[in-house]
Amino acid sequence: MREITFAEALGEAISEEMGKNPTIFTYGEDVAKQGGIFGAYKSFSGKFSGRIFDTPISEEVIYGSALGAALVGMRPIAEFHFADFLFTGIQSITLQIEKIRYMTGGQGKLHLLLRGPDGISNSAAAQHSESIETIFMHTPGIKVIIPSTPYDIKGLIKTALREDDPVICFEHKMLYKTKGFVPEKEYLIPFGVADIKKEGNDVTVVTMSRMVHESLKAAEELEHEGISVEVIDLRTLVPWDKNQVIESVKKTGRLVVAHETWKRAGWGAEIASVVQEEAFDYLDAPVIRVGAKNVPMPFASTLQDFVTPNYKDVINAVKKVLR
Amino acid sequence: MVYSKDFLLNLYKTMVKIRNFELMAEKLFLEGELLGFIHLYIGEEAIATGVMANLRKDDFITSTHRGHGHMIAKGADVNRMMAELYGRTTGYCKGKGGSMHIADFSIGVLGANGVVGGGLPIAVGAGLGIKMKKADQVVVAFFGDGASNTGAFHESLNFASIYRLPLIFIVENNHYASTASTKETTAIENISDRAVSYGIPGVTIDGNDIIVVYEIAKEMIKRAREGGGPSLIEAKTYRIKGHFVGDPELYRDKKEVEEFWLKEPIKKFEKKLFELKMLNEVEKKKIWENNQKEIKEAAKFAKESPIPSNKEALTDLFVNDSGYDY
Ligand SMILES: Cc1ncc(C[n+]2csc(CCOP(=O)(O)OP(=O)(O)O)c2C)c(N)n1
Ligand SMILES: [Mg+2]
């Protein structure tokens, strides 16, 4: 099997689906000429004339127009430049996209995908480093996918582009250049099916995105100490694979939830609550959450490192639930 | 322009239908039959009617919180509208939207909107979609003077202009945004002047004159359909009733309201029809009575329709499933 980058896998997924489905078009700031802020569209820019274009800096319209285009039968892919900027156009998503189907008694299908980068990078500071996926889990009405590998992003994006409901995809900035095996043959990854990235028996770590890799690194170190960690990558947050998580907890009796977003009221709190509501009897220790400290992201790299969770935090959490 | 009697009487009938629907909604609300917020279109009927007379069924509109008139003029079924106001299963949204979210995608109404300015980006997207499809439909975005002060207005007009989208922006300037008078909240007198900033045509018209509305809309819709791009029409009108039914209206003088009752669009049009000898007292009475009967029946239909079961609250979020862990 060949190895390609996360960005290339994303590009392949979009390009393949655009080739098949003439209703797909894609737009956003800096996507056409530059190929996307992190180069995801580079591989196929120029290929679909008129169907990839740059827009003005008008977030409320970029997201809201995806809804309008979907309502007239197209399948837009709107790129958000940085997840942080979703806040500047948020009403188009949380008040319109998420609600219109429900409010109108189920009229129409919203074939649309919002996608773009999130998370930390090299000292991008407070307004360019956020992970805000929890907001879209909290507000009902959009499916949320957060791939961590080239294989996953290709399969999930292809599914998103055939999905009947609106989807938002968060791509961690530090993952775009990472490489992984991706088959040449077409495949799809269904929503709501977690992937066990590493099997283990002592502790379950539920995670997504960049923290999957931190958790795998933690698991590897812990293995040397004789601790066997199961790393579950949810891959999709709405819907999330409750069954696999609970099955794993039944086996290990211990759960850590690890994400890059703020610990306070991050999605890990939801997972922890559901597990204790539905599988309390199987838990041998309190569930522990790993997340960012509850401050905006500071600039200085030492401070960014201090605020952001990494594999060491996962190791500490695993040791804590084993105590 | 010479218009046929049929054509003009149809415009008149649509305006009467909107008026009667609104009067009934007001009455039902005051009687405690309806809940939520009802924003009446009384006094503004000429705008929706005159614009929609130029649209095809497969053209699209986005509407506002004050949207009953847009729905009716686009051809909506008043039974289902009334049922939605009642929150019944037979309503357009099965009782889940209410007055502010009424929509019928099948006739091109992409939704009323509870967010001031919220419909504008959606209209832009519909225009973008049409352009991508290379179809010849158009989109009309209705919004208020208040909405013209949102960021969405600026983003939408610029966006529509640079891609020459088949859009007509219609600002219904009814002198108020809730309790705030437009004079106090808007830096310029004519909102259509803002069109200059987007390099598109802008006109201010008497929104209470149905023929004027019809003619300008016709020109701008034709232009958009032929690839000429968007335009901004400011239709000056007046919100004769309160912002919502039950508004104590402490912010304006009763005299001002009385003055505008004299300029309201239906009377104005009637006068013209009488002059043209296309309408007389007997015919007029018949039109109103027939329509009042229709609206009464709609209210009866709505009231007698079933109340949704609780299960209904847990459907329609997603297509593929009913949502996750409600
Ligand atoms: C974003 C937003 N802000 C405030 C409101 C509350 N609100 C509802 S209608 C309205 C006034 C709108 O005025 P205008 O756009 O002129 O429309 P009109 O009511 O006059 O038809 C306000 C402030 C809202 N619904 N949405
Ligand atoms: Mg107003």
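These numbers come from a predicted model, not from an experiment. Atoms considered below: every heavy atom in the structure, side chains included; atoms not considered: hydrogens, waters and symmetry mates. So that the names make sense, note that chain A is the first sequence line, chain B the second, and so on, each numbered from 1.
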Where on A:T104 is there a heavy atom nearer than 4.5 Å to chain B: the side chain, the backbone, both, or neither? both
Smallest separation among heavy atoms of B:P121 and A:E60, with atom names: CB-O, 3.6 Å
B:K222, NZ atom: more than 12 neighbouring heavy atoms under 6.0 Å: no
Which atom pair, heavy atoms only, marks the closest approach of B:Y163 to A:P56? OH-CD, 3.7 Å
From A:S65 atom OG to B:L120 atom CG, the distance as rounded to the nearest 0.5 Å: 12.0 Å
Heavy-atom closest contact (A:V61 atom, B:A152 atom, distance): CG2-O, 4.5 Å
Can you say whether A:R51 sits under 4.5 Å from chain B via the side chain, the backbone, both, or neither, judging by heavy atoms? both
What part of A:M103 gets closer than 4.5 Å to chain B, counting heavy atoms only: side chain, backbone, both or neither? both
Max heavy-atom pairs within cutoff under 4.5 Å with chain A, candidates B:K94, B:M132, B:E312, goes to B:M132
Around atom CZ of B:R164, are there more than 12 heavy atoms from other residues, nucleotides or ligands closer than 6.0 Å? no
Using non-hydrogen atoms only, which part of A:I142 is less than 4.5 Å away from chain B: side chain, backbone, both, or neither? backbone
Do other residues, nucleotides or ligands put more than 12 heavy atoms under 6.0 Å from A:K20 NZ? yes
To the closest 0.5 Å, what do you measure between CG (B:L110) and CG (A:L71)? 5.0 Å
If I measure from the heavy atoms of chain B, does A:F53 come under 4.5 Å with its side chain, its backbone, both, or neither? side chain
Answer yes or no: does atom CZ of A:F85 have more than 12 heavy-atom neighbours from other residues, nucleotides or ligands under 6.0 Å? yes
Which bit of B:F105 is near chain A, if near means a heavy-atom gap under 4.5 Å: side chain, backbone, both or neither? both
For each of B:I130, B:L128, B:D104, B:V139, tally heavy-atom pairs with chain A at distances under 4.5 Å, and name the one with the top tally. B:L128
Inspect the surroundings of CD1 in A:I196 and state if more than 12 heavy atoms from other residues, nucleotides or ligands are less than 6.0 Å away. yes
If you count every heavy atom of other residues, nucleotides or ligands that lies below 6.0 Å from B:K133 atom NZ, does the total exceed 12? yes
Under 4.5 Å from a heavy atom of chain A, the part of B:N158 involved: side chain
Portion of A:Q96 that has a non-hydrogen atom of chain B nearer than 4.5 angstrom: side chain
Taking all non-hydrogen atoms of both residues, which atom of B:Y92 and which atom of A:Q107 are closest, and how far apart? O-NE2, 3.2 Å
Whatever's closer than 4.5 Å to a heavy atom in chain B on A:T23 counts as neither
Region of A:E163 that comes under 4.5 Å of a non-hydrogen atom in chain B: side chain
Just wondering, are more than 12 heavy atoms of other shown residues or ligands nearer than 6.0 Å to CD in A:Q34? yes
When rounded to the nearest 0.5 Å, the distance separating CD of B:E155 from CD1 of A:I62 is 7.5 Å
State, to 0.1 Å, how close B:V319 and A:D165 come at their nearest heavy-atom pair, and which atoms those are. N-OD1, 2.7 Å
Report the C-alpha distance between A:K143 and B:F318 in whole Å, list the side-chain angles of each, state the deciding distance to 0.1 Å, and finish with yes or no for side chain to side chain contact (heavy atoms under 4.5 Å, CB included). CA-CA 9 Å; A:K143 295 184 176 175; B:F318 291 129; 3.8 Å; yes
Pick from B:G129, B:G117, B:G127: which one has the most heavy-atom pairs with chain A under 4.5 Å? B:G129
If you take all heavy atoms of A:Y102 and B:L317, which pair is closest and at what distance? CD1-N, 3.9 Å
Find the one option among B:V124, B:V115, B:I162 whose heavy-atom pairs under 4.5 Å with chain A are most numerous. B:V115
Largest heavy-atom contact set with chain B, pairs under 4.5 Å, which of A:G73, A:S58, A:G106, A:G50: A:S58
Just how far is it from atom CZ of B:F159 to atom OH of A:Y27, taken to the nearest 0.5 Å? 6.0 Å
Between chain B and each of A:P76, A:G105, A:G192, count heavy-atom pairs under 4.5 Å; write down the option with the most. A:G105
